[in-house]
Amino acid sequence: MSLFTTSSSINADLARKLIAAGEAKLHEMGLASNIAIVDAQGFLIAYLRMDGAPLPSIEHSINKGYTSALFSASSASLGKDAQPGGSLYGLNITLNQRVIVFAGGEPLIHDEQVVGAVGISGGTAEQDQQVADHVVKAFKSLSAA
């Protein structure tokens, strides 16, 4: 039995490619948003604030990625249980209120291990999720190559 754990994270080159994939999708949708790519521990690797993107969404995009990396889950999937009466009620006010429990954050999983996450913020919840899903699809394509 090993006394040490190992952790893998995506690198900056892949993070930049994922930013480009998200930006292309946002241009296609006619939206300006914020795109964050974080490592397996939720720390920022790459970021883009598109011209005209809403300023409050800067922190939201970073924190959606942070949430998805730390909890190995979609930020939206945590929302239902974080409501009053849910098993995770109050989750969104933990960790210095960095936990986001609405759409736009997705973990990046390779070989059954979270290696990073994406956070998108600036559109509606549905739009943010659509772009995050697009980035995950790009990640799967790039990491399989």
Side-chain angles (χ1 to χ4, degrees), residues 5-50 52-145:
T5 62
T6 59
S7 178
S8 297
S9 289
I10 63 171
N11 64 25
D13 183 53
L14 179 54
R16 284 189 293 271
K17 290 175 182 173
L18 297 176
I19 292 281
E23 182 180 22
K25 182 65 174 176
L26 286 160
H27 281 301
E28 177 186 305
M29 295 170 69
L31 298 172
S33 289
N34 298 280
I35 307 168
I37 305 295
V38 301
D39 66 15
Q41 292 77 37
F43 290 100
L44 191 63
I45 299 174
Y47 183 81
L48 174 66
R49 184 182 93 200
M50 295 175 69
L55 296 179
S57 296
I58 293 169
E59 292 297 320
H60 287 160
S61 62
I62 296 168
N63 290 340
K64 286 178 184 184
Y66 172 82
T67 299
S68 292
L70 289 184
F71 291 94
S72 303
S74 165
S75 58
S77 71
L78 299 169
K80 182 178 178 184
D81 288 335
Q83 300 302 314
S87 63
L88 298 175
Y89 178 60
L91 178 68
N92 57 309
I93 59 170
T94 64
L95 298 170
N96 294 317
Q97 299 183 356
R98 288 195 63 194
V99 176
I100 301 285
V101 294
F102 47 88
E106 288 292 330
L108 302 173
I109 300 170
H110 181 70
D111 290 338
E112 300 180 26
Q113 181 179 355
V114 174
V115 295
V118 57
I120 307 292
S121 190
T124 65
E126 293 80 15
Q127 291 167 330
D128 289 352
Q129 189 61 50
Q130 186 177 357
V131 178
D133 290 341
H134 179 79
V135 172
V136 170
K137 185 177 178 181
F139 168 75
K140 290 177 180 177
S141 175
L142 290 166
S143 63

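Everything numeric here is computed off the predicted structure, so don't read it as measured data.
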Q. What is the minimum heavy-atom distance between Ser74 and Gln129, and which atoms define it?
A. OG-OE1, 4.2 Å

Q. Should Val118 and Val131 count as side-chain neighbours, where that means a heavy-atom distance under 4.5 Å?
A. no

Q) Hey, does the side chain of Asn63 reach the backbone of Tyr66 with a donor-acceptor pair shorter than 3.5 angstrom? A) no

**Q.** Flag if over 12 foreign heavy atoms under 6.0 Å of CZ, Arg49
**A.** no

Q: Kindly compute the distance separating OG (Ser141) from NZ (Lys17), expressed to the nearest 0.5 Å.
A: 10.5 Å

Q: Kindly give the heavy-atom pair with the smallest separation between Ala132 and Gly104, and that separation in Å.
A: CB-O, 3.6 Å

(Q) Going by salt bridge (Lys or Arg N to Asp or Glu O under 4.0 Å), name the residues that satisfy it together with Glu112, two or more places apart in sequence or in a different chain. (A) none

Q) Distance-only, no hydrogens or angles: does the Thr67 side chain make a donor-acceptor pair with backbone N or O of Ile100 under 3.5 Å? A) yes

Q.
Could you go through Leu142 and Leu18, starting from their C-alpha distance and side-chain angles, then the distance that decides it, and tell me whether this counts as side-chain contact (heavy atoms from CB on, under 4.5 Å)?
A. CA-CA 9 Å; Leu142 290 166; Leu18 297 176; 4.1 Å; yes

Q) What pair of heavy atoms forms the shortest contact from Pro107 to Ser72, and how long is it? A) CG-C, 4.1 Å

Q. What distance separates Ser8 OG from Asp111 CG, expressed to the nearest 0.5 Å?
A. 8.5 Å

Q.
Strictly by salt bridge (Lys or Arg N to Asp or Glu O under 4.0 Å), give each pair with a member in residues 116-128 just once, sequence neighbours left out.
A. Lys64-Asp128

Q. Taking atom OG of Ser68 and atom CG of Leu108, what is their separation to the nearest 0.5 Å?
A. 8.5 Å

(Q) Rounded to the nearest 0.5 Å, what separates atom NZ in Lys80 from atom CG in Leu88? (A) 12.0 Å

Pair up each side-chain donor or acceptor in residues 24-38 with any protein partner under 3.5 Å, not counting sequence neighbours, and list the distances.
residue, atom, partner, partner atom, Å
Lys25, NZ, Glu28, OE2, 3.0
Asn34, OD1, Tyr47, OH, 2.8
Asn34, ND2, Pro54, O, 3.2
Asn34, ND2, Ser121, O, 3.4

Q: Mind checking side-chain hydrogen bond (donor to acceptor under 3.5 Å, both in side chains) for Asp81 and listing every partner two or more places apart, or none if nothing turns up?
A: none

(Q) I need the minimum non-hydrogen distance between Ala69 and Ala40, along with the two atoms involved. (A) CB-O, 3.7 Å

Q: Answer yes or no: is there a donor N or O on one side and an acceptor on the other, between the side chain of Asp39 and the main chain of Gln41, under 3.5 Å?
A: yes

Q. What's the shortest heavy-atom distance between Ala117 and Gly65, and which atoms?
A. CB-O, 3.3 Å

**Q.** Verdict with supporting geometry, Ile120 and Gln130, side-chain contact (heavy atoms from CB on, under 4.5 Å)
**A.** CA-CA 9 Å; Ile120 307 292; Gln130 186 177 357; over 6 Å; no

Q.
Going by ring pair (Phe, Tyr, Trp, His ring centres under 6.0 Å), name the pairs with one or both residues in residues 105-145, residues two or more places apart or in two chains.
A. none

Q. According to the salt bridge (Lys or Arg N to Asp or Glu O under 4.0 Å) rule, which pairs have a member within residues 131-145, sequence neighbours left out?
A. none

